[in-house]
Every structure is written in C-alpha cells, then in structure tokens.
Amino acid sequence: MARWSLTVNGKQQEFEAESDMPLLWVLRDLLGLTGTKFGCGVGACGACNVHLDGELVPSCTVPVSAVGGRKIVTIEGLSDKTDHPVQKAWLEEKVSQCGYCQPGQIMAAVTLLENNPHPSDAEIDAAMARTLCRCGAYPRIRKAIHRAAKSESL
Amino acid sequence: MSIVYNPDRRNFLTTTAAAGAGLVLAFSMTSCVRSVPPGGRESSGFRPSGWLRITSDNHITVFVAEAEMGQGVHTSLAMLIAEELEVDFSMIEVEQAPVDNAVYGWQYTGGSTSVRDGWERFRQAGAVAREMLIAAAARAWQVPVAECRAEQGGVVHAASERRASYGELATAAAGMPVPQSIKLKERGDFRLIGKSLPRVDAVDALNGSIVYGADVKLPNLLTATIVHCPVFGGKARKIGSEKALAVPGVHKVVEIDAGVAVVADHFWAAKKGADVLDIQWDFGPHADISSESIQQLFTEQADGYTGVEQEISTALANAAQRIEAEYHLPYQAHATLEPMCCTVHIHDGVCEVWVPSQNPSSAQVVAARFSMSRVEYLAQRVKGKLLGRSLESVRVHNMPLGGGFGRRLESDYVVEAVQIAKAVDAPVKLIWSREQDIQHDFYRPASLHRLTAGLDEQGMPVAWHQLAVGVADYGPPYYKIPTSGGSTIEVDTGVPTGPWRSVSLSWNAFVIEGFIDELASLAGKDPVAYRLDLLKIPRLKAVVEMAAEKAGWGGSLPAGHYQGIAAQPGFGSYVAQVVELSVDKNKGIRIHRIVCVIDCGQVVNPDMVVSQMEGGIIFGLTATVTSAITIRNGRVEQSNFYDFPILRMGETPPIDVYIMPSEEPPGGVGEPGVPPIAPAVVNALYATTKVRIRKLPVRAEDLFS
Ligand code: FES
Ligand code: FES
C-alpha cells in the first residue's frame, strides 16, 4: 500500500492505495466521486471517461501509479453550475435517457471540441466511437455536439 | 394528516423523513381504475396512498412508484398531476416512492404500462387535490366554491381579489371531504399534456449527481463482487480462497447459492480477489449444450410436431399455392450500461435494500425470504411455515436505474446481496463485473419459427400458421387471413431466459413482418400496397400509410438505395418503420435513413416519445446487425462489449420520428420502437439483394453467399 497525492477537480487529494488500483475505483470508492461510472472495466465503453491534463482517458485503464502529476478533471469538476457549454447543449437537446453513460459522453465531447471546435459528423463519430450508450441517445448526442460547437462561449 | 411516504431523496440514505404538516393525498389502488374517486379517506376505509404531498411551506411533491430507467416516467406522470392541479411544472418536485405494496400495490415497471396505467390515476390525484384546496379556500373566505378557481399553484376568488397559495391552504384542505365526483379537464384545456417539457432530472444527469444503484454510499460500506459457475446450473464443489484472502483489502470469501462472492473494502480489491479464486466447479447437467445443440433440439421438436389444427391444415392443403419458411433468432443480452448491483444492510431487526429495480416489490419479497437469521429460519421451519421476515421489516429504496430493458425485473442479484450481507456485519454493496453481467443474464430466448401460408390465385393469403419453438408465444397475424393460427413448443434448454425490451414482439414482429414481405414479393406486389390490402387495424394501416409517405416510398431514391417496411401493433400503440439502405460487398450494409411513425394515442410528452423511438430502434438495430449471445460448452461465449458490441454513434443512422395525432387513450412507448426495425432491415436487404434473411443477426455470409 502506498500513499498518493493527486489533483482532482483542482483539489489536492491524499489517500492510500495499491499501485495497480485503477483511477476509476480511486475516484469512486476512495474519493467518493461517483459521477464517473463503471460500465466494463476494460476500456471498452467510456462510462469512466475523465480528463488527465485535458486528455480523454477511460479511467478504468489507468492505474493510480500512472497518473503522476497530471491534473484530473471528472464530470463533477467540469463546471460549477452545470453550465459548461457542452452541458448546456446537452440540456437543450434533451439528450439523456437513463443518464448512466452521460458523464462519459460529456467528457468525451468536451475533449473533442477543445481539439476541434467545429467537427464534422465523421469527426464526431470517430471521437465518440469508444463511448457507448445502451439507451441509444446517439442522435441527440450528435446534435448537442453540433449545438455546442456553434455556441460562442466555447 | 401525517402520513408521509417520502424519505427525502437527498437524505434518504441516512434518514427517514418525519411527517410534515400539510396535505398528503390519498387513493387506494382500486380507486385509481375508476373514473370517479370513491368516498373519502375517513368514510370508506380505503387505505390512503401517496402520490402527492403539499406542505404548508408550499412544497409540492409528486411520488412516483414507477422506476425511472431513462423512459422519463418521473416527468410524464408528474405532468399528469400538475395538469389537473393547476401548478407550473417548475413548482413540482418528484421523488421515488418507497416500496410499499399496501399503498402503491405491487410495484413493477414493465410492459410499457406506466403512462397507460397512470393516465387516469395521476390526473385524478391532481384533480381531487385541486378541488379540496378550492373547497378549503371557499370555506376560509366564506364564499361559494363555484366562485373560486385554481390557478398557478393557488386558489383565487376574483370578486374579492383574494388569493391563497396551496401551501397556505394545505392544512385546511387535508380536513376537507374527498369530492364524490371529479371532472377531469377537456383536451382543449390542457396546458402541460402534449408539451415537450424537460425532464425533472435533466440537469442532474449532466453533472454526475444522480445516485444510481452502483453509487450508493453508506458508512462502513463494504463492496462485494460475485463469480457464478460459468456453466448454467453448475455449483462450486471446492473453493480455494487463500489467494483471494491474501489480496489487500479483501475481507471475506462467501459461498452463496448462486456462486462465490468476495467481500472487500472496495470494488477493485473484490474484483482482484474474485479473479484469483480457485474454484472447482460441478458443472451440472448443461455442460455440453451449445447454440448448435439447442438449434438441433429446436429442429427435432419442430420436425416432430403434428398438432396443426385441422381447420388450418385443410385450408393450407386446399390453397392454390403453399409456401414455407423457417426463421431463427438468437439469445440476446440486456447489457444495461450499469451492471447488476444491489446494496443490503441487515441491522436492528431491519433488512434495508438499495436496488435499482424494475420490480422492487419482488426485491422486497425475496429480501424478506432470504434475510432471515438461522434462528428465525429454524423457528419458522419448526412451525412448518417458511414465511420469511415480515415485509414491514424490509425497507427497499428503489434507486435510479442505469438501464433496465427487462433485466431488472428479475431479483437474482437481490437474493445474492442479501445472502452476502448475512455473512458480514456491515452494509455491503454487490456489483457484478461486466463479464458476469453478460454471461449470467436472463436472455431473450433463442427461437425457431416455421411459417406456412396458403395463397389464392392472386397471391393473397388464405391460410397461415406459425410454429414457434423455444418460446411461449407465437404472434397472431393482424392481417386479414381467413384461417390462421399458431402453436408453440417450449423447450427447456438450460439457458435462463426472461423479458427483453418488447418481449415476444422482439421475435414475432421479425417473423410475421418478414414472412408477409415474402408473400408480397411472391405475389409480385408492392410490400406497402400488399400490407394495406390486408391490414385489419385502421390505426396500424394509418401509420403504414404515413411512414410510406414520409419516407417517399416508391419515389426515386439515390442509385443503389432500397427500402423495406415493417409494422407492428403492441403495448397499446401502433408503429411502422421504413429503412432505406444500400449494400456494398466490401463495405457491408449502410443504412441511410430510418423513418418511424408511431400512434401512441394521446401524447403526454412528445419529445420523450421521440426519444423512446430513437432508443428502441437503436436497441433493436444492435440485435439486428451487430450482436448475439451464443453458447458453447454450457457457457456464454461473449463476455464484454468487445465481443457483445452494442451500436456505436457512427453506426447509428439518421432516424426521423413522426407522431400520429390521436385522441385515443395513451399507448406505451418504451418498447414499441424495437420490434419493427429488424424486419424492416431484412425486408430492405431483400429489396436490395433479393436475398431473404431469415436469421438474426444479419451476417455477411448469409447476404453474400
Ligand atoms: S468502465 Fe472504463 S471504459 Fe468501460
Ligand atoms: S443514456 Fe442510458 S446508457 Fe446512455
């Protein structure tokens, strides 16, 4: 068991964990940040997507020892008032069904738009391909990404 | 009145809220099905139930007993109350009702029934409350009731320009007699019903604050995960748990009826422990079954079948032409994105359960049965009656569901969590791995169908028979066919099966709509025209006509594009879908557009209907083109999303949904979007390639052979 210190949503967090514990379970079970979801545990669904220094990663595939000094942002830390342009677009397009995949979808969309403010449909497909939605909210996710791309505040 | 059914959602993991002053409205389940509510609470002896509470500080809360699993039911049912109550929807708070059969009846969310069942009940609940609030105001102001009206969360008396909020009136309203008759609003007066209001949980869904079953947090909570015998029906013979117990954070290895659980500080330790369990299994009687052996069993059963009714076999024999076809469907997993999970804490004589369930009443019953201590169990056995713990001592908190689709009608994981909790002295949260979730589902059954039709000289059907093997239901055709019928042969394959979004329509629509399309092409007729000639149900006919029109059926399409249609009545609704696709030997199938028309009667929230159609179509497409569960050596071959792939965004075609205007009572919407998509796709594939696909999922080798 080792001691770790990570920056999560701008806050320094100290805790003890085995070095192979995936970031997903650190967030959920040690730090109580359950907005990041468990869907597959093998990097195949994107429910656990978080940002590491702005880069999109499925947190179930990142052992705590590999995080290093990178800053972690989870869905809880994306905005204070659920008012990130992507969240606002999601609200406008009434995207969510059961909602379980949506934190991962939103984290993926934010990264996409940061790298490519005006993505084409094909670029959206490519960027979102690893984030699954069993409820089938895809048509609205696509619309919401286009809407967010058009919003000025991004 | 002080009956409060509400544990405050924000605090409900730690407290049971105390009753507040105010109006808790109350109906018995029997009153819900009458158009006029029966006598008052006091007079009739009906036990009150609580769909609505208005507190003196003007908090208006609607309690919904149905499970929220993405269909938006917390919003649509609350809209019905708000409509009659005359409040702005923004004033309404919605909470999950606790599980209490005495108040809400058996709580079960399935069969696309919530809005259908709630249509009268929830509007009555709102209307009765409104009338009692008006009566309370009229009495306080000493004016005739007829001069008062409800408006935006209060009662007004125009002549004296007085207004009181519902909160101010709540305590007095609680003492008013329950009105003997209630007039519900006319359609033309609806303010909310028919509007696409945003869901009450819309914002929470975007910031991680919804607490799903997997997210339950309690003091001293332990986490468990389970390993089931990979072969259906097998059991652990010998468990080597040393390595698991050596994993840091692991507390205990617990053998329960369904398998072996590892209890730990957190999921990761439990999973690591589970991965190094050394279990010798007794595989039981199903170790040799495979998809092929099951298929063979089905074929033998079908071959041996001789039970076609005389009338049908005569009609088939006398027909000018007779055609036969055999259809196949595989097992399908639900694969809710949130794996199965359940938290249980047995303490102070109470069994407390936090579970995302479509069937929380069943969760309560199984928890009562399995949470008994050994002493209680023996005492009951001595008396010769195994009743289980009393239901009152089992508190079930139904948590938001990360997907349901029928999987969460089962309570297997509740039994498991209760049995694990009995072995530890702390609350414990059971979370299945994805692998266990895919391999230990209650699958949509695999089935084989033999279809036989007799045609007249014009190619119109005069006789029809469906032999359905492996399932309990065949689909009576909704086409005008003078002599038709079907039979079923249920087969115990050893593979557990259960309802899967749209239940029997998930196979019967494929079979009926595929075969009718075959008949149309044999007759040399257009598939839409042929259906319209034969359809018996006017509302189904109308959606077929509208879908054809919206899809530009028969018009000019881009080169290489072809269309297929399918329609299906079910769950009180009528749906037709047109698929436009093209096929390229190298690139495969490309679906360019799907048009869907639904007549679901009076619509409560149109956007949620559209959303359910989109979701249903995508769910159905996964089973049509990408995934199946197959069996080898008694076990499921797939284990996670890489080998049970669900549709991705880039594979999702544009979907245009149209709602047929209707004043009929509401129909269901959660399931009816699923059934037509598979046959619409294979019918379009036939139009494109002249290859008839009768087996799902569609495989390149079937298409290009
Ligand atoms: S849980 Fe991490 S990708 Fe699925
Ligand atoms: S909204 Fe349910 S999985 Fe995406």
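Lettering follows sequence order; numbering is per chain, from 1. Given the structure is predicted, the values throughout are model-derived calculations rather than measurements.
- The backbone N or O of L206(B) sits nowhere less than 3.5 Å from a side-chain atom of Q102(A) that would complete a donor-acceptor pair.
- In this structure, no portion of K271(B) lies under 4.5 Å from any heavy atom of chain A.
- Contacts of residues 65-83 of chain A with chain B at a heavy-atom distance below 4.5 Å involve I75(A), E76(A), T82(A), listed in sequence order.
- Looking at R134(A), its side chain does come within 3.5 Å of a backbone N or O of H334(B) through a donor-acceptor pair.
- Between the OH atom in Y100(A) and the CG atom in D215(B) there is a gap of 6.0 Å [rounded to 0.5 Å].
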### F405(B) vs C135(A), side chain to side chain contact (heavy atoms under 4.5 Å, CB included): CA-CA, chis, key distance, verdict
CA-CA 9 Å; F405(B) 316 123; C135(A) 297; 4.0 Å; yes
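- Evaluation of the salt bridge (charged side-chain N to carboxylate O under 4.0 Å, His left out) rule for R199(B) yields E68(B), D201(B) as partners, not counting sequence neighbours.
- Taking all atoms of both residues into account, the shortest heavy-atom contact from D125(A) to G650(B) is CG-CA, 3.4 Å.
- Side chain of Y642(B) to backbone of V42(A): no donor-acceptor contact under 3.5 angstrom is found.
- Taking both residues in full, the closest heavy atoms of I618(B) and G136(A) are given as CD1-O, 3.3 Å, listed atom of the first, atom of the second, then distance.
- Proximity to chain A is limited to the backbone of L401(B), based on heavy atoms less than 4.5 angstrom apart.
- For residues 6-40 of chain A, heavy-atom neighbours of chain B at less than 4.5 Å comprise E18(A), D20(A), M21(A), P22(A), W25(A), R28(A), D29(A), L30(A), G32(A), T34(A), G35(A), K37(A), F38(A), G39(A), C40(A), sorted by residue number.
- The salt bridge (charged side-chain N to carboxylate O under 4.0 Å, His left out) test with E614(B) singles out one residue from R142(A), K94(A), R140(A), and that residue is R140(A).
- In this structure, the portions of D607(B) lying under 4.5 Å from any heavy atom of chain A include both its backbone and its side chain.
- Neither the backbone nor the side chain of V657(B) comes within less than 4.5 Å of any heavy atom in chain A.
- A pairwise comparison of heavy atoms in T652(B) and Y138(A) identifies OG1-CD1, 3.2 Å as the closest pair.
- Here SG of C60(A) is found 10.5 Å from CZ of F267(B). Values are rounded to the nearest 0.5 Å.
- Interface remark: M649(B) contributes backbone and side-chain atoms alike to the contact with chain A (heavy atom separation under 4.5 Å).
- Proximity to chain A (any heavy atom under 4.5 Å) is restricted, for E435(B), to the side chain, taken from C-beta onward.
- With a 4.5 angstrom heavy-atom cutoff, I431(B) touches chain A only via side-chain atoms.
- Scanning residues 43-53 of chain A against chain B with a 4.5 Å non-hydrogen threshold yields A44(A), C45(A), A47(A), sorted by number.
- Nearest heavy atoms, G99(A) versus Y212(B): C-OH, 3.0 Å.
- Comparing A129(A), G41(A), A122(A) by heavy-atom pairs within less than 4.5 Å of chain B, the highest count is held by A129(A).
- With a 4.5 Å cut-off on non-hydrogen atoms, S209(B) does not touch chain A at all.
- In this structure, C98(A) SG and E338(B) CD are separated by 8.0 Å, a value rounded to the nearest 0.5 Å.
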